[in-house]
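Input: a single structure, listed below in structure tokens.
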Amino acid sequence: MAPAAPADSPSRAEYCVVACADAWRDNGEVLASPMGMIPSVGARLAKRTFSPDLLLTDGEARTVRLDGETEGWLPYRLHLAFVTGGKRHVMMGASQIDRHGNQNISCIGDWERPARQLLGVRGAPVNTLNNPVSYWVPKHSARVFVEKVDMISGVGYDSAAAAGPSATRYHRIPRVVSNLGVFDFETPDRSMRLVSVHPGVTVDEVLAATGFELTLPDGGEVPFTREPTEEELRLIREVIDPKGLRDREVKPV
């Protein structure tokens with residue numbers, strides 16, 4: 001058994017937080033829409049550090065300051081203006097995601113007679129066609145990372161390309177972050193690439209937990225996810241998430 005990490009070492013959840021935060025790096029003045037505890041901590045970390053122009057929302061009808069107080073009113077019509085103009089970057093979840101970034105949150109199995117009914121497509125098609133969308137998967141497995149999703153909710157690169165220029169204008173999937181590593185689609189055929197593994201994770205673990213062939217970086221060497229800085233750790237632990245709710249989503253290992 002591997003020795004336990006020192007108490008002040010970054011936890012797996014904290015590596016996930018900084019990986020999510022990096023999805024909003026250099027985004028400028030866009031509306032950050034994180035879904036999930038770790039993406040929410042990541043968005044707030046990004047705004048407090050390297051992406052100060054991000055707009056944060058309470059998830060309902062307001063933009064908020066770093067302390068959570070109301071900064072401005074965000075009526076539905078303005079929210080839609082952000083969405084349709086590419087000025088919003090969502091980080092959604094995925095019940096399934098495939099090699100080209102198609103996402104499913106609707107059903108498992110055949111659509112006419114599904115084995116399991118999920119949320120429904122919700123706003124996923126509009127999100128993915130009109131503004132950048134990244135994904136957060138807290139439990140990486142071959143049941144989530146599949147060869148082909150059972151139903152397309154969020155639009156992947158191959159589906160957007162097949163639909164033509166009107167679908168590709170704002171379509172972009174900057175990042176996929178899971179509890180095992182970080183992924184992107186910066187490949188010639190826009191298939192998923194393994195960018196980094198979190199410390200304590202091996203490349204073989206990631207490959208075994210993925211239901212399709214991942215592209216590896218040139219040369220085959222996969223780096224570790226970057227270390228949080230001391231200031232980032234302080235902000236995560238003392239300011240943004242002092243109750244440690246992040247560890248409920250990704251438990252310490």
Side-chain angles (χ1 to χ4, degrees), residues 15-16 18-27 30 32-36 38-39 42-43 46 86 88-105 121 123-138 140-198 201 203 206-207 209-226:
Y15 281 108
C16 293
V18 298
C20 287
D22 280 343
W24 284 286
R25 186 180 288 275
D26 301 325
N27 274 200
V30 303
S33 295
M35 300 178 187
I38 283 178
R88 179 175 178 243
H89 184 170
V90 185
M91 183 168 279
M92 292 196 294
S95 300
Q96 293 179 325
I97 188 167
D98 66 28
R99 67 168 65 242
H100 291 291
N102 296 289
Q103 169 248 32
N104 177 22
I105 52 173
V121 297
V126 173
N127 287 343
T128 46
L129 292 183
N130 288 283
N131 51 240
V133 173
S134 293
Y135 292 104
W136 160 241
V137 179
H140 190 127
S141 76
R143 295 176 63 183
V144 179
F145 288 75
V146 296
E147 179 68 34
K148 193 67 177 174
V149 297
D150 291 339
M151 180 178 178
I152 296 175
S153 303
V155 179
Y157 278 102
D158 58 343
S159 299
S166 63
T168 58
R169 181 180 181 188
Y170 294 122
H171 179 270
R172 188 164 66 89
I173 308 174
R175 286 285 188 207
V176 176
V177 180
S178 80
N179 63 314
L180 299 183
V182 180
F183 311 82
D184 68 14
F185 298 89
E186 298 301 315
T187 55
D189 64 347
R190 291 297 194 180
S191 60
M192 193 182 294
R193 178 179 69 165
L194 177 57
V195 174
S196 69
V197 293
H198 305 320
V201 178
V203 173
V206 176
L207 297 180
T210 304
F212 54 84
E213 186 176 351
L214 282 166
T215 301
L216 299 181
D218 292 341
E221 290 293 323
V222 180
F224 287 119
T225 303
R226 76 169 179 88

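Quantities reported herein were computed from a predicted structural model and do not represent experimental measurements.
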Would you say [X] and [Y] make side-chain contact, with heavy atoms under 4.5 Å?
{"X": "P217", "Y": "V222", "value": "yes"}
{"X": "Q103", "Y": "V149", "value": "no"}
{"X": "V197", "Y": "F224", "value": "yes"}
{"X": "R193", "Y": "L216", "value": "no"}

Using a distance-only test with no angle check, is there a side-chain donor-acceptor pair under 3.5 angstrom linking S33 and R88?
yes
Please report the closest heavy-atom contact between [X] and [Y], naming both atoms and the distance.
{"X": "L194", "Y": "F183", "answer": "CD1-CE2, 3.4 Å"}
{"X": "D184", "Y": "P174", "answer": "CB-O, 3.7 Å"}
{"X": "A46", "Y": "A21", "answer": "CB-O, 3.7 Å"}
{"X": "W24", "Y": "G42", "answer": "CZ3-C, 4.3 Å"}
{"X": "V177", "Y": "W136", "answer": "O-CE3, 3.2 Å"}
{"X": "A167", "Y": "A160", "answer": "CB-O, 3.6 Å"}

When you measure from the side chain of [X] to the backbone of [Y], do you find a donor-acceptor pair of N or O atoms at a distance under 3.5 Å?
{"X": "T128", "Y": "G154", "answer": "no"}
{"X": "S153", "Y": "I105", "answer": "yes"}
{"X": "Y135", "Y": "I173", "answer": "no"}

Neighbour count above 12 (heavy atom, 6.0 Å) for [X] [atom1]:
{"X": "R143", "atom1": "CZ", "value": "no"}
{"X": "E147", "atom1": "CD", "value": "yes"}
{"X": "D218", "atom1": "CG", "value": "no"}

Report the residue from M192, R99, H171 that forms a side-chain contact (heavy atoms from CB on, under 4.5 Å) with Y157.
H171
Residue pairs meeting salt bridge (Lys or Arg N to Asp or Glu O under 4.0 Å), one or both in residues 151-173, sequence neighbours left out, come to K148-D158
Only counting residues at least two apart or in another chain, list the ones meeting side chain to side chain donor-acceptor pair (under 3.5 Å) with S178.
H140
Checking side chain to side chain contact (heavy atoms under 4.5 Å, CB included) for the pair V137/F145: CA distance, chi angles, key distance, verdict?
CA-CA 9 Å; V137 179; F145 288 75; 3.9 Å; yes
Only counting residues at least two apart or in another chain, list the ones meeting ring pair (Phe, Tyr, Trp, His ring centres under 6.0 Å) with H198.
none
To the nearest 0.5 Å, atom CE of M92 lies from atom CE of M35 at 6.5 Å
Calculate, to the nearest 0.5 Å, the distance between atoms CG and CD1 belonging to N102 and I152 respectively.
4.0 Å
